[in-house]
Structures are given as structure tokens and as C-alpha cells.
Amino acid sequence: MNKIIIKIPKTMKTGRTFILTLLLLIICSLHATAQTGEFYYYSSGKIPLTLNENKIAINIPKENEAITERICKNVQILFKTEQEIRGVTYFDVIALTRSEYERLTSMDFWEEDAKSVILTNFFFTENNAEIMLNPILSVQLKKSEDTGLLATYVERYKIRNLGKIWQYLPLVYTMIVTPESVKSSLDIANEMHESGDFAWATPDFSEWTGPDETQVRGITNATSEKTSRLFDLLGRPVKDASKHGIYVKDGRKVIR
């Protein structure tokens, strides 16, 4: 968190002027602090997020399962699951407390293993729901000819383009962050959205309900594209879509 330093001129006299000026400075400092918080874009607005400083997630590409085994063998984990997109498993996901993660970083093998994993954070939403950032983002092009433009962003951020997930959403592309990526899926999606080059860009999150219910939202994938059920942009069924997001129902995009 950035520190806000308020300087009050020595020549300022006490009384009403002092109080009004102090209140103004406090309001300005609070506004500045709020502007530095985490957020993601939904429609045309910013949705605020609060960082959970007590947890972290390690996303291990499936081809590096030996790393998963070493982590589970050497530290106490909160949960372990897999990240799937339309039936294909891309990552093992291990959640740790920050203290266990710090212990992990002190182990001899971690310096080398860290080069092959992706770290993501946990956040709290406005409704105090706990969510985990996934190394995944979705982008909608403004027109089909913009695939070349998308390719320049893929190269710039060193992310992997998985292509179109839904045939009913031909302009929506899904990408995953790689260990070589220079930024998180949250930062990349925000910057792509802010660029104005795309209709929208949004990162992917999962909900975590507790160690006995690792309900990482949508681990089970959709089997049919046209159905009355509600799915996220990765083709995963969604039980509770009360929060802001973009979903698919009956082959159409639904914005909530």
C-alpha cells in the first residue's frame, strides 16, 4: 500500500480554515489511495478488488508435474486442483498460505522450479467473496480482421492464444499466461481493455469455498455448447452467477 504524506504549512492558522483544509487533504488522500487498488473491467466500469495478503496460488503447467509433487511433499498446502479449459487440463493449481510460500522459497530446489510456474493472487470482491485469479484471460475483437492486432499483444506479453472457445462467439479469444509472461492475467487484461483496441478484455477468476469444498468454479467442463445451463467464457458450468461477469446461455452472450 502506498504511503500518503500530508504536509500542513507552518503558517496555517488554526480555526475554520485549518479544519476545512485538513478535511480536503484527507478526502484527496483517500481518493488517491482508492485509485491505486486492484480492479478488473466489467462492461465500461471498474470492479474493485481487495488483495488477500494471506494466500497465494501456484499454477504449474501439466508438463511439469514433478514440480507439483515436490511442492506437495515439502510444504503444507491449502488445496490442490486442476485448471481445465473445454476438457483439456493446462495447469495443476496449488494454494498456499503466504507463510508456507515463504518457506517454500527458501528451499534449494525452488530457485529453479520458480522459473516454470505462474504465481497468482487471491482477492476479495465487494461482496466479500474470496476469489482466485487464474492465469487465463478472454478478449473480444472489434472485428474479425483484428486477429493480426491480437497477435501483436500475444507476442508482447508472451502469452499463449488458445483461439476461439465458443463457435457462437466468433470474436472471443481465450489466452493463457505462461511462465515467460511479463505480467499477470489481471494486468494484461486491464491493459488490453484500456488500449481501446478491443471490445473488452477480462481475466478469469475461480471461487474458493474452503479446504473441504475446493469449488474452484467450473472445474467440470461443458459437454454441449447450446444448453439452458449457464457457462463462463471457458465453457465451464457456473452455479452462481450473481457477481459481475460475462457468461454464455443457449449459445448467446449474457452480461450480468
Side-chain angles (χ1 to χ4, degrees), residues 40 49 52 55-72 75 77-97 100-101 104 113-123 125 129-139 154 157-166 172-189 201-223 225 229-241 243 245-248:
Y40 68 98
L49 297 169
N52 183 344
K55 296 177 184 175
I56 193 167
I58 304 175
N59 301 267
I60 307 104
K62 286 299 291 182
E63 60 267 24
N64 295 317
E65 291 185 343
I67 296 178
T68 302
E69 294 176 3
R70 276 193 290 273
I71 294 174
C72 293
V75 295
I77 70 172
L78 294 173
F79 70 80
K80 173 184 172 294
T81 188
E82 294 179 336
Q83 182 63 258
E84 294 183 358
I85 303 176
R86 297 307 297 272
V88 179
T89 302
Y90 288 91
F91 301 100
D92 285 328
V93 184
I94 296 176
L96 303 174
T97 62
E100 281 298 290
Y101 173 69
L104 176 65
D113 284 356
K115 300 175 184 178
S116 302
V117 305
I118 303 157
L119 301 179
T120 54
N121 289 316
F122 283 79
F123 297 93
T125 66
E130 187 176 16
I131 58 176
M132 178 182 69
L133 177 66
N134 296 321
I136 304 167
L137 62 147
S138 296
V139 178
V154 169
Y157 291 113
K158 295 181 173 59
I159 54 182
R160 179 182 172 190
N161 186 359
L162 301 183
K164 306 171 187 177
I165 299 299
W166 292 95
V172 176
Y173 287 75
T174 297
M175 281 145 286
I176 59 174
V177 174
T178 69
E180 293 76 31
S181 299
V182 295
K183 295 187 177 182
S184 71
S185 57
L186 178 63
D187 292 335
I188 294 171
T202 186
D204 185 68
F205 297 94
S206 297
E207 292 185 45
W208 184 62
T209 56
D212 297 324
E213 288 185 65
T214 53
Q215 185 185 346
V216 179
R217 177 172 55 79
I219 290 301
T220 304
N221 286 265
T223 58
E225 288 192 334
R229 298 179 66 188
L230 196 66
F231 297 89
D232 67 11
L233 290 176
L234 303 184
R236 304 172 304 187
V238 179
K239 293 181 179 179
D240 181 9
K243 65 178 185 299
I246 302 171
Y247 305 95
V248 175

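Small disclaimer: the values here were computed from a predicted structure and weren't measured. Numbers here simply count residues along the sequence, with the first being 1.
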For this session: Step by step, work out the side chain to side chain contact (heavy atoms under 4.5 Å, CB included) result for Phe79 and Met132.
Result: CA-CA 12 Å; Phe79 70 80; Met132 178 182 69; 4.1 Å; yes
Problem set entry | Stepwise side chain to side chain contact (heavy atoms under 4.5 Å, CB included) test for Ile71 and Ile58 | CA-CA 10 Å; Ile71 294 174; Ile58 304 175; 4.1 Å; yes
Exercise. Please walk me through it: do Asn59 and Thr120 pass side chain to side chain donor-acceptor pair (under 3.5 Å)?
Worked result: CA-CA 8 Å; Asn59 301 267; Thr120 54; 3.0 Å; yes
For this session: Step by step, work out the side chain to side chain contact (heavy atoms under 4.5 Å, CB included) result for Ile159 and Ile188.
Result: CA-CA 9 Å; Ile159 54 182; Ile188 294 171; 3.7 Å; yes
Exercise. Which is it for Tyr157 and Val177 under the side chain to side chain contact (heavy atoms under 4.5 Å, CB included) test, yes or no, and what are the steps along the way?
Worked result: CA-CA 8 Å; Tyr157 291 113; Val177 174; over 6 Å; no
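Of the possible donor and acceptor atoms, none in the side chain of Ser181 sits under 3.5 Å from a partner among the backbone N and O of Lys183. Judged by distance alone, with hydrogens and angles left aside, the side-chain atoms of Asn161 form a donor-acceptor pair with the main-chain N or O of Gly163 at under 3.5 Å. For the pair Ser185 (side chain) and Asn134 (backbone), a donor-acceptor distance under 3.5 Å is present.
Side-chain contact between Asp204 and Ser138: absent, with no pair of heavy atoms (C-beta onward) separated by less than 4.5 Å. Between Ser116 and Pro61 the shortest side-chain heavy-atom distance does not fall below 4.5 Å. Considering only heavy atoms from C-beta on, Met175 comes within 4.5 Å of Val139 through its side chain. Residues Ile85 and Tyr90 meet the side-chain proximity criterion, which asks for heavy atoms closer than 4.5 Å. Considering only heavy atoms from C-beta on, Val93 stays 4.5 Å or farther from Lys80 through its side chain. Side chains of Ile94 and Cys72 form a contact here, defined as non-hydrogen atoms less than 4.5 Å apart. The shortest side-chain heavy-atom distance between Ile60 and Phe91 does not fall under the 4.5 Å cut-off. Counting heavy atoms from C-beta outward, Val117 and Pro179 have side chains that stay 4.5 Å or more apart.
When the shell of 6.0 Å around NZ of Lys62 is examined, it contains more than 12 heavy atoms from other residues, nucleotides or ligands. Within 6.0 Å of the CZ atom in Arg160, the count of heavy atoms belonging to other residues, nucleotides or ligands does not exceed 12.
For the atom pair Ile131 CD1 and Asn121 CG, the distance stands at 11.0 Å (nearest 0.5 Å). The CD atom of Gln83 sits 9.5 Å away from the CD1 atom of Ile176 when rounded to the nearest 0.5 Å. For the atom pair CD1 of Ile136 and OG1 of Thr202, the computed distance is 12.0 Å after rounding to the nearest 0.5 Å. Once rounded to the nearest 0.5 Å, the distance linking CG of Asp187 with CG of Leu133 reads 8.5 Å. A distance of 8.0 Å separates CD1 of Ile56 from CG of Leu96, quoted to the nearest 0.5 Å. How far CD1 of Ile77 is from CD of Glu100: 10.5 Å, rounded to the nearest 0.5 Å.
Taking the six-membered ring where tryptophan is involved, the planes of Tyr40 and Phe205 are tilted, since the angle between them lies from 30° to 60°.
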